[in-house]
Amino acid sequence: MLPALVFLIIVTQLPFVATVVFSFTRWNALNPGNRGFAAFDNYTAVFADPAMRSSVLTTVLLTVTVVLVSLLLGLGLALLLDRSFRGRGIVRTLLITPFLVVPVASALLWKHALYNASYGLLNGALTWIWGLFGSDNPPQPDWMTDSPLAAVEVSLIWQWTPFMMLILLAGLQSRPGDAIEAARMDGASPFDIFRYLTLPHLRRYLELAALLGTVYVVQNFDAVFTLTSGGLGTANLPYTIYQTFYQAHDYGRASAQGVVVVLCSLVVATFALRTVSSLLREEVTR
């Protein structure tokens, strides 16, 4: 295990240590003569920056919306796929396809094939529907301009719903069948079985899906960069770090922003690991 551990430390921990060191450095490529030790000045600037606070609020709103809606849709799809019907394997494969698409390709698909005001599928569908009623003046909204944050959220929900569905489907298929059958024989309705048996059993899986989804969605950069380029109030934390590093060329402050984001992500990841550990302990005791 030692060679693998050394390799893992070199690949993952040394860059993070370097980022921590840079976060205490006054280092702006546009002012190379003013470079040196900055103590906590970068962190003070990070917490005092209005753009940073705005990006934190945007990140929280984006993450909560995407995770909750994806979780609800994933639960509904998992309940449907838990039933036996012809072609279930094909349907399951098609439903997990969005999660397999490269994130940048997914964002480009939504930007050009769906959201585009001139030739996108959404406005084309509105034109077709209005044409059925004899109207030549259908609404043609510019989705990314009128509702930029919602446009990003919808694309991410489409991408992350299959992830939630797979986790919850695994939870559904691990339910004790004898308890379900006994409840049916006692006259319990499908809603009662879901409320008193299925939902309590899925609690750990719901927590795991929500926590893992939160860890990944918080770090999302592709959709924001590709769809809106961080404009119109859609700049989240990763995009704000990108702006500080590649546009402002303030490497010290960008490193401080990255450290803050990593520490916040570690808090969420800790809860996720505890949930996974509890699930594994439950499986071992069965």
Side-chain angles (χ1 to χ4, degrees), residues 63 65-115 120-122 124-125 152-185 188-217 219-220 222-223 226 272-273 275-286:
T63 303
T65 302
V66 171
V67 170
L68 287 182
V69 176
S70 300
L71 203 58
L72 291 175
L73 293 176
L75 177 60
L77 293 174
L79 290 172
L80 291 175
L81 290 178
D82 191 49
R83 299 173 178 269
S84 297
F85 58 89
R86 182 176 299 178
R88 183 174 65 170
I90 298 176
V91 173
R92 182 169 50 198
T93 302
L94 292 175
L95 286 176
I96 66 174
T97 301
F99 185 65
L100 304 178
V101 178
V102 178
V104 174
S106 172
L108 288 172
L109 173 68
W110 280 89
K111 181 177 182 178
H112 295 290
L114 296 171
Y115 287 146
L121 179 62
L122 295 180
V152 176
E153 290 169 348
V154 170
S155 67
L156 290 176
I157 289 170
W158 177 79
Q159 184 180 1
W160 284 98
T161 295
F163 175 79
M164 305 295 186
M165 179 195 72
L166 288 175
I167 293 179
L168 297 179
L169 183 59
L172 285 173
Q173 293 179 347
S174 66
R175 290 179 303 174
D178 53 350
I180 303 295
E181 187 63 29
R184 288 173 180 165
M185 293 180 63
S189 65
F191 179 76
D192 292 332
I193 294 176
F194 173 77
R195 179 180 178 183
Y196 296 106
L197 293 177
T198 302
L199 202 55
H201 176 76
L202 288 179
R203 184 179 66 86
R204 293 287 186 184
Y205 296 90
L206 289 167
E207 293 175 355
L208 176 63
L211 289 170
L212 291 179
T214 299
V215 170
Y216 287 113
V217 175
Q219 303 174 28
N220 182 270
D222 310 80
T226 305
L273 291 175
T275 304
V276 173
S277 299
S278 64
L279 279 173
L280 292 176
R281 285 195 297 268
E282 289 179 1
E283 293 295 333
V284 170
T285 55
R286 288 179 181 176

Report yes if the side chains of Trp110 and Val152 come closer than 4.5 Å at any heavy-atom pair, otherwise no. no

Could you work out, with side-chain contact (heavy atoms from CB on, under 4.5 Å) as the rule, every residue matching Ile157, not counting sequence neighbours? Val66, Val69, Ser70, Leu73, Thr161

Got a sec: does the CD1 of Ile90 have more than 12 other heavy atoms crowding it under 6.0 Å? no

For Pro200 and Arg195, which heavy atoms make the closest approach, and how far apart are they? CD-O, 3.3 Å

Nearest heavy-atom approach of Met165 to Leu81 is SD-CD1, 3.5 Å

Compare all side-chain heavy atoms of Val91 with those of Phe85 and state whether any distance is below 4.5 angstrom. yes

Any side-chain to backbone donor/acceptor pair from Thr93 onto Gly89? Under 3.5 Å, distance only. yes

Is any side-chain heavy atom of Ser174 closer than 4.5 Å to one of His201? yes

The side chain to side chain donor-acceptor pair (under 3.5 Å) partners of Ser84 (sequence neighbours excluded) come to none

Close side-chain approach of Tyr216 to Leu156, heavy-atom, < 4.5 Å: no

Under the side-chain contact (heavy atoms from CB on, under 4.5 Å) rule, collect the residues that match up with Ala182, sequence neighbours excluded. none

Could you go step by step and tell me if Leu202 and Leu75 meet the side-chain contact (heavy atoms from CB on, under 4.5 Å) rule? CA-CA 10 Å; Leu202 288 179; Leu75 177 60; 3.8 Å; yes

Worked check of side-chain contact (heavy atoms from CB on, under 4.5 Å) between Thr226 and Leu108: CA-CA 7 Å; Thr226 305; Leu108 288 172; 3.5 Å; yes

Nearest-0.5 Å distance, OG1 of residue Thr198 to CZ of residue Arg203: 15.0 Å

Exercise: identify the closest heavy-atom pair between Ala107 and Ala223: CB-CA, 4.0 Å

Which heavy-atom pair separates Pro103 from Gln159 by the least distance, and what is that distance? CG-NE2, 3.7 Å

Between Ala210 and Leu71, the two heavy atoms sitting closest are CB-CD2, 4.1 Å

So, for Gly74 and Leu168, which heavy atoms are closest and what is the spacing to 0.1 Å? C-CD1, 4.0 Å

Side-chain contact, heavy-atom cut-off 4.5 Å: Leu206 with Leu199? yes

Please, which pairs that meet salt bridge (Lys or Arg N to Asp or Glu O under 4.0 Å) have at least one residue in residues 100-109, sequence neighbours excluded? none

What salt bridge (Lys or Arg N to Asp or Glu O under 4.0 Å) pairs are there with at least one residue in residues 67-95, not counting sequence neighbours? Asp82-Arg175

Taking only residues two or more places apart in sequence, or in another chain, which ones meet Phe99 in a ring-ring contact (aromatic ring centres under 6.0 Å, His included)? Trp160, Phe163

